[in-house]
Every structure is written in C-alpha cells, then in structure tokens.
**Student:** 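Could you have a look at this structure, given as structure tokens, before my questions?
Any value given below was found using the heavy atoms of this structure, including those in side chains, with hydrogens, waters and symmetry copies removed.
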Amino acid sequence: MLLWPLRLALRIVGLIVLLIVVYFGVTLVQVWLTSRQYDPHPAGAILVMGAAQYDGVPSPDLAARLDEALILYHQGYSHLIMVTGNKKPGDVYTEAQSGEMYLASKGVPRADILEAGGDDSYGNIAQAAPELKARQATVVLVTTDPFHEDRSMAIASDQGLVPSPTPTQTSPIRGWSAVPYFLKEALGVGLGRIIGYNHLEWLHDA
C-alpha cells in the first residue's frame with residue numbers, strides 16, 4: 001500500500017523536473033534567437049550596457065559595445081548615447097565615465113552623451129530610464145553582447161522603454177567561448193520572468 005504514494009510522488013517530481021528542463025530549453029532558444037536579431041531604426045537614444053573597464057580604458061567587451069553605438073550614431077539612428085555602469089571598489093572611473101571618455105575621443109560631442117550608474121544589468125537600465133523618459137527618448141536601441149540582448153531588452157521593457165536589438169557585431173566573446181554566457185543568460189531570463197529581474201544580483205554580468 002505504501003508503494004503507490006511513493007510512485008505518485010516520484011512521478012510528480014519527475015514531471016516537475018521535466019517541466020523545468022523544457023522551460024530552460026525554450027528560454028535558451030529564445031535567448032539565442034534574440035542574439036541573432038539586429039533591428040536598427042530611428043530612436044530616441046542608443047542604450048549601451050555597462051561592462052568592465054580598467055582605469056578609464058574600456059575592456060575589449062565594453063569597447064565592442066561602444067563601437068557599435070558609434071556606428072549607429074554616425075548612421076544617424078540617434079543623436080543621443082546613454083552609457084551605463086558603476087565602478088568596482090578601488091576603481092577611479094565608472095564604466096559609464098570610461099564609456100563617455102571613449103566616445104568623446106572618437107568625436108562624439110559630450111552634449112550627446114548621457115551617463116547612468118548601476119551595478120548590474122537591472123541597475124544600469126533602472127538608473128538610465130528616468131533620464132531617458134525626461135528627454136522623451138523612450139524608444140531605445142539596446143547595444144550589448146548578443147547573448148545579453150534578450151535580458152537587457154526585457155529589463156528595458158519592464159522599465160517603460162521601447163527597446164530594439166542592436167547587439168555588437170564585434171564582440172570578443174564568440175564561438176564556443178560564448179556557450180557558458182548563453183547558458184547563464186537563459187538561467188537569468190528564466191528566473192527573471194518568475195522572481196523579477198531586480199533579484200538577480202548574484203548573476204554576475206559580463
């Protein structure tokens with residue numbers, strides 16, 4: 001008589017595990033499909049997601065994102081670039097300041113560059129959104145690494161912005177080296193939909 005409840009419990013557990021695997025798999029496919037989208041069009045601003053910087057010099061990853069923003073800017077899709085990101089303990093410059101200096105060195109007028117902080121993806125966009133809304137620049141081109149595009153756009157939508165994907169085409173994270181990042185992003189997007197993207201502080205961004 002005790003075997004039936006045990007079997008039922010095991011079936012329920014098995015079903016739950018299967019649903020979790022399917023959910024994760026579907027989310028991974030969605031993250032991958034979004035990474036392949038590239039939809040530039042006239043927008044209020046180009047939103048550049050933060051990444052590491054070293055004493056004011058953008059990391060190769062951040063430089064790739066900034067270079068994509070430069071392309072979009074010079075092609076006339078927007079005349080406003082929002083750079084984001086705080087600094088790590090001991091740093092002199094924030095990621096946003098590093099981005100601003102990089103863009104200015106490439107000829108972008110400082111009046112066309114906005115800065116916002118944020119210690120992670122959610123913080124980047126949450127701090128950028130009020131300034132963008134104040135400037136009526138709610139339509140944004142989200143520039144980040146391809147694997148990071150889906151979560152970034154989801155957060156932007158949650159913050160009242162209208163995002164379109166414009167991932168960098170020159171990310172140094174590509175090929176097989178990008179696989180762990182896609183897996184991490186699938187986990188982040190999957191959990192973010194359930195518990196909220198503001199509860200993913202433990203998910204270290206690229």
Side-chain angles (χ1 to χ4, degrees), residues 44-73 78 80-135 137 140-156 158-161 163 166-168 170-174 177-178 180-181 184-185 187-189 191-192 196-206:
I46 302 162
L47 175 61
V48 183
M49 301 300 293
Q53 60 84 34
Y54 308 110
D55 197 23
V57 179
S59 64
D61 194 33
L62 180 55
R65 300 178 186 190
L66 294 166
D67 287 340
E68 187 64 41
L70 281 169
I71 291 172
L72 296 168
Y73 177 86
S78 179
L80 191 64
I81 302 177
M82 169 67 81
V83 290
T84 63
N86 277 336
K87 60 183 177 181
K88 304 296 183 183
D91 286 350
V92 176
Y93 300 99
T94 66
E95 294 169 1
Q97 289 172 326
S98 176
E100 189 269 348
M101 291 187 292
Y102 183 88
L103 293 172
S105 72
K106 300 293 185 178
V108 179
R110 293 184 184 272
D112 291 348
I113 308 171
L114 301 177
E115 295 181 37
D119 294 324
D120 55 20
S121 297
Y122 183 86
N124 290 167
I125 299 174
Q127 293 194 31
E131 180 68 18
L132 293 172
K133 291 177 183 178
R135 292 173 175 261
V140 295
L141 302 178
V142 180
T143 299
T144 186
D145 284 83
F147 58 80
H148 190 223
E149 193 70 49
D150 193 272
R151 182 158 60 101
S152 299
M153 291 208 305
I155 296 170
D158 285 352
Q159 291 295 314
L161 303 176
T166 51
T168 175
T170 58
S171 172
I173 305 173
R174 62 180 66 190
S177 65
Y181 292 88
K184 183 195 73 172
E185 285 301 317
L187 178 62
V189 171
L191 287 176
Y197 292 101
N198 57 322
H199 296 298
L200 300 177
E201 297 89 354
W202 51 270
L203 187 69
H204 298 295
D205 290 321

**Student:** For the atom pair CG (L72) and CG (L141), what is the distance rounded to the nearest 0.5 Å?
**Tutor:** 6.0 Å

**Student:** Give the minimum heavy-atom separation between G56 and S98, together with the two atoms involved.
**Tutor:**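 Closest approach of G56 to S98: O-OG, 3.1 Å.
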
**Student:** Looking at residues at least two apart in the chain, or sitting in another chain, which of them share a side-chain hydrogen bond (donor to acceptor under 3.5 Å, both in side chains) with T144?
**Tutor:** R65, H148

**Student:** Apply salt bridge (charged side-chain N to carboxylate O under 4.0 Å, His left out) to R174 and list each qualifying residue two or more places apart in sequence or on a separate chain.
**Tutor:**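 In terms of salt bridge (charged side-chain N to carboxylate O under 4.0 Å, His left out), with neighbours along the sequence ignored, R174 is linked to no residue.
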
**Student:** How long is the straight-line distance from CG of D158 back to CG of N198, given to the nearest 0.5 Å?
**Tutor:** 9.0 Å

**Student:** Return the CD1 to OG1 distance between I71 and T170, rounded to the nearest 0.5 Å.
**Tutor:**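 Answer rounded to 0.5 Å: 6.5 Å.
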
**Student:** Would you check, one step at a time, whether the test side chain to side chain contact (heavy atoms under 4.5 Å, CB included) holds for R135 with L114?
**Tutor:** CA-CA 11 Å; R135 292 173 175 261; L114 301 177; 3.4 Å; yes

**Student:** Q127: what forms a side-chain hydrogen bond (donor to acceptor under 3.5 Å, both in side chains) with it, not counting sequence neighbours?
**Tutor:**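 Once residues adjacent in sequence are excluded, Q127 has no partner under the side-chain hydrogen bond (donor to acceptor under 3.5 Å, both in side chains) criterion.
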
**Student:** Looking at P167, is its backbone amide N or carbonyl O close enough to the side chain of D145 to form a donor-acceptor pair, meaning the two atoms are under 3.5 Å apart?
**Tutor:** no

**Student:** Of the non-hydrogen atoms in A69 and T143, which two are nearest, and what is the gap between them?
**Tutor:**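 Nearest pair, atom of A69 first, then T143: N-CG2, 4.1 Å.
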
**Student:** Restricting to non-hydrogen atoms, name the atom on R151 and the atom on G188 that form the minimum distance, rounded to 0.1 Å.
**Tutor:** CD-C, 4.2 Å

**Student:** Could you tell me if the side chain of L66 sits less than 4.5 Å from the side chain of P58, heavy atoms only?
**Tutor:**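 They are in side-chain contact.
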
**Student:** Could you name each residue pair satisfying salt bridge (Lys or Arg N to Asp or Glu O under 4.0 Å) that touches residues 80-107, not counting sequence neighbours?
**Tutor:**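 Sorted result for residues 80-107: E100-R110.
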
**Student:** Do L70 and Y102 touch side chain to side chain, with heavy atoms closer than 4.5 Å?
**Tutor:** yes

**Student:** Run the side chain to side chain contact (heavy atoms under 4.5 Å, CB included) test on I46 and Y73 for me, step by step, so that the C-alpha distance in whole Å, both residues' side-chain angles and the decisive distance to 0.1 Å come before the verdict.
**Tutor:** CA-CA 8 Å; I46 302 162; Y73 177 86; 4.1 Å; yes

**Student:** Show, in sequence, the C-alpha distance, side-chain angles and deciding distance for S121 and S152, and conclude whether the side chain to side chain donor-acceptor pair (under 3.5 Å) test is met.
**Tutor:** CA-CA 7 Å; S121 297; S152 299; 4.9 Å; no

**Student:** Treating T84 as the side-chain partner and V48 as the backbone partner, does any N or O pair qualify as donor plus acceptor under 3.5 Å?
**Tutor:**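 Yes; judged by distance alone, with no hydrogens or angles, the pair exists.
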
**Student:** How far does CD of Q97 sit from CG of N86, to the nearest 0.5 angstrom?
**Tutor:** 9.5 Å

**Student:** Out of T168, L62, N124, which one pairs with M49 under the side chain to side chain contact (heavy atoms under 4.5 Å, CB included) rule?
**Tutor:**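 Of the listed options, the one satisfying the test is N124.
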
**Student:** Can you see which heavy atom on Y197 is nearest to which on V189, and at what distance?
**Tutor:**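 Looking at all heavy atoms of both residues, the shortest contact is OH-O, 3.7 Å.
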
**Student:** Sequence neighbours excluded, which residues qualify as side-chain contact (heavy atoms from CB on, under 4.5 Å) partners of M101?
**Tutor:** Y93

**Student:** Run the side-chain contact (heavy atoms from CB on, under 4.5 Å) test against P172 and tell me which residues pass, sequence neighbours left out.
**Tutor:** P60, D61, A64

**Student:** Less than 4.5 Å apart, side chain to side chain, heavy atoms only: is that true for D120 and L200?
**Tutor:** no

**Student:** Return the minimal non-hydrogen interatomic distance between G85 and T94, and the atom names on each side.
**Tutor:** O-CB, 3.4 Å

**Student:** Measure the CD1-CG distance between I125 and L161 for me, rounded to the nearest 0.5 Å.
**Tutor:** 7.5 Å

**Student:** How close do Y122 and Q159 get, counting heavy atoms only, and between which atoms?
**Tutor:** OH-NE2, 3.1 Å

